[in-house]
Amino acid sequence: MNLTLKIWRQKNANSKGAFVTYNLEGASQEMSFLEMLDYLNSTLIGKGEEPIAFEHDCREGICGSCSLYINGRAHGQDSKSATCELRMSRYKDGDTIVIEPWRSKAFPVIKDLIVDRSAFEKILEAGGFISANTGAAPEANSIPVPREHADKSFDAASCIGCGACVSACKNASAQLFIASKVSQLALLPQGRVEAKLRARNMIAKADELGFGSCTNTGACEIECPKGISLAHIARLNREFLKATL
Amino acid sequence: MNKLNTKIPDGPLAEKWTIHKNRIRLVNAANKTKLDIIVVGTGLAGASAASSLAELGYNVKAFCFQDSPRRAHSVAAQGGINAAKNYKNDGDSIDRLFYDIMKGGDFRAREAFVRRSAEVSNFVIDQLTAAGVPFAREYSGYLDNRSFGGVQVSRTFYAKGATGQQCLLGAYSGLIRQMSLGKVTLYSRRDMLDVVLIDGKARGIITRNLVSGEIERHSAHAVVLATGGYGTIYYLSTLAVGSNASAAWAAYKKGAFFSNPSFVQIHPTSLPQLNDYQAKLTLMSESLRNDGRIWVPKKKGDKRHPNEIPEEERDYYLERMYPAYGNLAPRDISSRAAKERCDAGYGVGKTGLSVYLDFKDSIAKKGKKVIESKYGNLFELYEKITGDNPYVEPMRIYPAGHYTMGGLWVDYNLMTSIDGLYSIGESNFSDHGANRLGAGSLMQCACDGYFVLPVTIGDYLADDIKTGKIPTDHAAFEEAEKNVNDKLTRLISVNGKQTVTSFHKRLGKIMWDYCGMVRNEEGLKKGLKLLEELKEEFWKDVKVPGTMDELNQELEKAVKVADFFELGRLMCQDALNRKESCGAHFREESQTPNGEAQRIDKEYSYISTWEFTGEEKDHKLHKEPLEFECVKPKERTY
Ligand SMILES: Cc1cc2nc3c(=O)[nH]c(=O)nc-3n(C[C@H](O)[C@H](O)[C@H](O)COP(=O)(O)OP(=O)(O)OC[C@H]3O[C@@H](n4cnc5c(N)ncnc54)[C@H](O)[C@@H]3O)c2cc1C
């Protein structure tokens, strides 16, 4: 099939970017979205042009590297799906596809479609862990965890740190990202000890880094490739309240 | 020269690790703060090592090529992590886990290493649980287990189909904590391109900053490689696209020995290749074989929809051929059986290169809900990619390159043959012999990183407490940096016509065809010739656009592919040398009357360890005899 692609090109962090239009012939519905970009790049290289830089690694929706805004949607139109899981069978001959990097001040563009997400790491550094040194752990079965809690904790922990939530939020809030970590650990007895402090410190850090506040629009939940629920934000808020009481 | 001293302590097998720990030298807490350690790689091995070393007081510099440590390829492991907890009371023990790994590896691993990992495995589960890994639980609140291929007990801990992600995030959170305390400095988006030796000791690395393109020097008192596996040499594999051999290869060319390079595990349950554009193959976890039955039609070229093929016309070939283990036969055996059926004309799908993995019976017996709770995310993944719903029709699967048992040679301290250069996790060759059992890699990575290396590295660093900072203006850094610059310049200046990826695809095909699931002398020789020709073509006609001093993904790929050409040659040579079959290494010339791998213990009961002797020169083989105190190598029947 033939496609019209409008892709954000930007040489580096310091230069100004712009959309460039490419007419791609010979793409196939059997390709994944990223394979379509691979194919575009091979044609660009063939023509002596510079290929488009985009991030990817595992290509099965778990590493969180890929990060594209596709026709105005984070990770494209499919729900619970990362860009690398998006298939070209979702498009048809003659379609126009607009591809942008994450749009958020907290994630500056490095080149073309690649952004800097290291702000997430800084938020985690503020408390996204249990302070358990190697060697100090008790026998694993000495801490029973109700299965329901373990399952919920897993759901929260399935965050892949891609940044779609921030990018989809009109306030550029990192609340869902923070909530996933706070909730995962707060649901486990091992993580309860530091739960309140964790919530407070991570939120304070996000504020400091310029992430916006949460106004419960729910856009993050819709765009999250792992379907992480807003209920975790409610838990985060409860932990935060406890910490400030 | 005795570079191949394994340093395995004397004493009974079960006591060796304790004896060793009690005997080796330590560095006291105050002195640790004077010592710097570079850890390249932030997967389960690297992240657990970096955080544990930092907790001890060492100053750690951690490197990865992704934008964040959390994206290391360990994140993609699905099925589980083994430990000998015996929570199921089904007869498991450290000794049984040890034996299963030895047998699974077809008796080509060192006993002392495997015994140690089996022993340490239980602490790993404790540690990861304490770090907040949400492992699956039973209704009692205690940890659940499942079984994996090649074993008869239930010892695999899991977190749905995302065990690797959860274990890695557990280790990563420890790393993050040490970053927040200033004990770990993270260097992400860096490719390590060389290791720097001063007076024969590893004292630093050369990296390329993947954003600015800058070539950087980093020094330390010791360097740890935790850079993962090189299964991407086949181009299509279950590994992340960026996985590579370049760090290990740079070490090899500086004098670190490489063992069993041709031992590559081909995983039986990957999605088949769907088209020519495909950049990778997606794994369907082996855990699916607990509830899925593998079959092909009894009739050649049967084109009916699988649901229309009646029960009596299906050949559940694993159950037929390996009644004791059935669908849970080990990976190498299951993979070859699938290839054999497909080559004989019974394969299904458009290309005839796939077999069915069917959940019909389990769904009927246990209910859809139970199956969904166990494998929901894998079923979703499958449907997303293929458009087929595995709840109503069988999956189609085919073997794919998956795990490299081969890797850098290490001694009992996990040190390579270069002083002060260590290798942990999949990047070394230590535990898995000629075939790795499922859920054994995460286990080994975490054992190495959390519990072995942090203890053993002190034995070496004890000599360095007075050394002081290692300066990066030493001539050795100068020279290494120059070599790196030359290599990159050379790649860019070829300025040919063909893309790096097109070469990688062709290279991968050669490796798959001649050094893949089945090998023979003629094929390997042909593979070597084809590799040589393609390598020449690469250096004449590859096109690497852009420049060195910018973010340049084609240049990154080019480095990796250039190294794969050299490693590919070593793999073929290694496979040629080993005329026996063992584990995943199947030499057609050496099979039992029923077509199983035939080991030849009298001649090949050794580890093949290779030494680099110079560009374009032959690699030199050292044979390290395998001695078995506790297990008796026997034919591997399942
Ligand atoms: C799809 C899949 C599923 C699997 N499932 C299981 C399972 O269920 N159970 C199990 O036990 N095992 C499983 N395995 C195997 C297991 O996941 C890996 O062997 C293991 O995670 C490897 O971990 P590692 O820490 O050694 O390396 P990795 O996790 O691969 O990490 C490598 C690190 O090195 C860095 N790196 C590499 N090269 C360079 C370089 N040149 N410069 C700088 N940095 C570099 C990377 O950035 C990364 O941080 C699976 C493997 C695959 C592919």
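Protein chains get the first letters and strands the later ones, always in sequence-line order, with residue 1 at the start of each.
Only the backbone of A/Val115 comes within contact range of chain B, judged by heavy atoms closer than 4.5 Å. The parts of B/Lys384 that come within reach of chain A are both its backbone and its side chain, each placing non-hydrogen atoms under 4.5 angstrom from that chain. With a 4.5 Å cut-off on non-hydrogen atoms, B/Leu281 touches chain A through its backbone but not through its side chain. For B/Ala131, the part sitting under 4.5 Å from any heavy atom of chain A is the backbone (N, CA, C, O) and nothing else. With a 4.5 Å cut-off on non-hydrogen atoms, B/Glu556 does not touch chain A at all. The part of B/Leu381 that comes within reach of chain A is its side chain, from C-beta onward, which places non-hydrogen atoms under 4.5 angstrom from that chain. B/Ser74 does not touch chain A: none of its heavy atoms, backbone or side chain, sits under 4.5 Å away. Neither the backbone nor the side chain of B/Pro454 has a heavy atom closer than 4.5 Å to any heavy atom of chain A. Residue B/Gln498 does not touch chain A at all, counting heavy-atom pairs closer than 4.5 Å. For B/Thr501, no part lies under 4.5 angstrom from a heavy atom of chain A.
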For residues 164-177 of chain B, which side-chain donor-acceptor pairs fall under 3.5 Å, sequence neighbours excluded?
{"unit_1": "B/Gln165", "atom_1": "NE2", "unit_2": "A/Ser158", "atom_2": "O", "d": "3.2"}
{"unit_1": "B/Gln165", "atom_1": "NE2", "unit_2": "A/Cys159", "atom_2": "O", "d": "3.3"}
{"unit_1": "B/Gln166", "atom_1": "NE2", "unit_2": "A/Ala157", "atom_2": "O", "d": "3.1"}
{"unit_1": "B/Tyr172", "atom_1": "OH", "unit_2": "A/Glu121", "atom_2": "OE2", "d": "2.6"}
{"unit_1": "B/Ser173", "atom_1": "OG", "unit_2": "B/Gly170", "atom_2": "O", "d": "2.7"}
{"unit_1": "B/Arg177", "atom_1": "NH1", "unit_2": "A/Asn133", "atom_2": "OD1", "d": "3.0"}
{"unit_1": "B/Arg177", "atom_1": "NH2", "unit_2": "A/Asn133", "atom_2": "OD1", "d": "3.1"}

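Ranked by heavy-atom pairs under 4.5 Å with chain A, the list B/Arg71, B/Arg70, B/Lys280 is led by B/Arg71. In terms of non-hydrogen atom pairs under 4.5 Å with chain B, the most contact-rich of A/Asp38, A/Leu44, A/Ile114 is A/Ile114. Options A/Gly128, A/Ser89, A/Ser65, A/Pro146 differ in how many heavy-atom pairs under 4.5 Å they form with chain B, and the most are formed by A/Ser65. Chain B forms more heavy-atom pairs under 4.5 Å with one residue of A/Pro51, A/Gly48, A/Pro138, A/Ser32 than with any other, namely A/Pro138. Between chain B and the residues A/Ser131, A/Gly61, A/Gly191, the most heavy-atom pairs under 4.5 angstrom are made by A/Ser131. Interface check for chain B: of the options A/Lys152, A/Met31, A/His56, A/His149, the most heavy-atom pairs under 4.5 Å are formed by A/Met31. Here A/Val145 is the residue among A/Ile160, A/Val145, A/Ile130 with the most heavy-atom pairs under 4.5 Å with chain B. Of all the listed residues (B/Ala72, B/Ala159, B/Ser51, B/Ser140), the one sharing the greatest number of non-hydrogen pairs under 4.5 Å with chain A is B/Ala159. No other option in B/Ser373, B/Ala279, B/Ser502 has as many heavy-atom pairs under 4.5 Å with chain A as B/Ala279.
A salt bridge between B/Lys88 and B/Asp144 is present, with a side-chain N of the basic residue lying under 4.0 Å from a carboxylate O of the acidic one. Comment: B/Glu554 does not engage B/Lys560 in a salt bridge, judged by the lack of any side-chain N to carboxylate O separation of less than 4.0 angstrom. A salt bridge between A/Lys122 and A/Glu125 is absent, with no side-chain N of the basic residue lying under 4.0 Å from a carboxylate O of the acidic one. A salt bridge does not link B/Lys183 with B/Glu55: every distance from a Lys NZ or Arg NE/NH1/NH2 to an Asp or Glu carboxylate oxygen is 4.0 Å or more. Between A/Glu223 and A/Arg73 there is a salt bridge, since a side-chain N of the basic residue sits under 4.0 Å from a carboxylate O of the acidic one. A salt bridge does not link A/Asp116 to A/Lys111: none of the charged side-chain nitrogens sits closer than 4.0 Å to a carboxylate oxygen. Look at A/Glu55 and A/Arg117 and you find a salt bridge, because one of the NZ, NE, NH1 or NH2 atoms lies within 4.0 Å of a carboxylate O, short of that distance.
At a heavy-atom cut-off of under 4.5 Å, chain B is reached by A/Lys80, A/Ser81, A/Glu85 from residues 77-86 of chain A, listed in order of number.
In this structure, B/Lys160 forms no cation-pi arrangement with B/Phe135, as its terminal cationic atom is not both closer than 6.0 Å to the ring centre and no more than 45° off the ring axis. A cation-pi arrangement is present between A/Arg147 and B/Tyr139 under the rule of less than 6.0 angstrom and at most 45 degrees off the ring axis.
Using modelled atom types and a 3.5 Å distance limit, the side chains of B/Thr238 and B/His402 yield a donor-acceptor pair. Donor-acceptor pairing under 3.5 Å is lacking for the side chains of A/Gln184 and A/Ser153.
In this structure, the separation between CG on A/Asp155 and CD1 on A/Ile228 is 8.5 Å, given to the nearest 0.5 Å.
The number of heavy-atom neighbours closer than 6.0 Å to CZ of B/Phe123, taken from other residues, nucleotides and ligands shown, is 12 or below.
Below 30°, between 30° and 60°, or above 60°: for A/Phe107 and A/Phe120 the angle between ring planes is above 60°, a perpendicular geometry.
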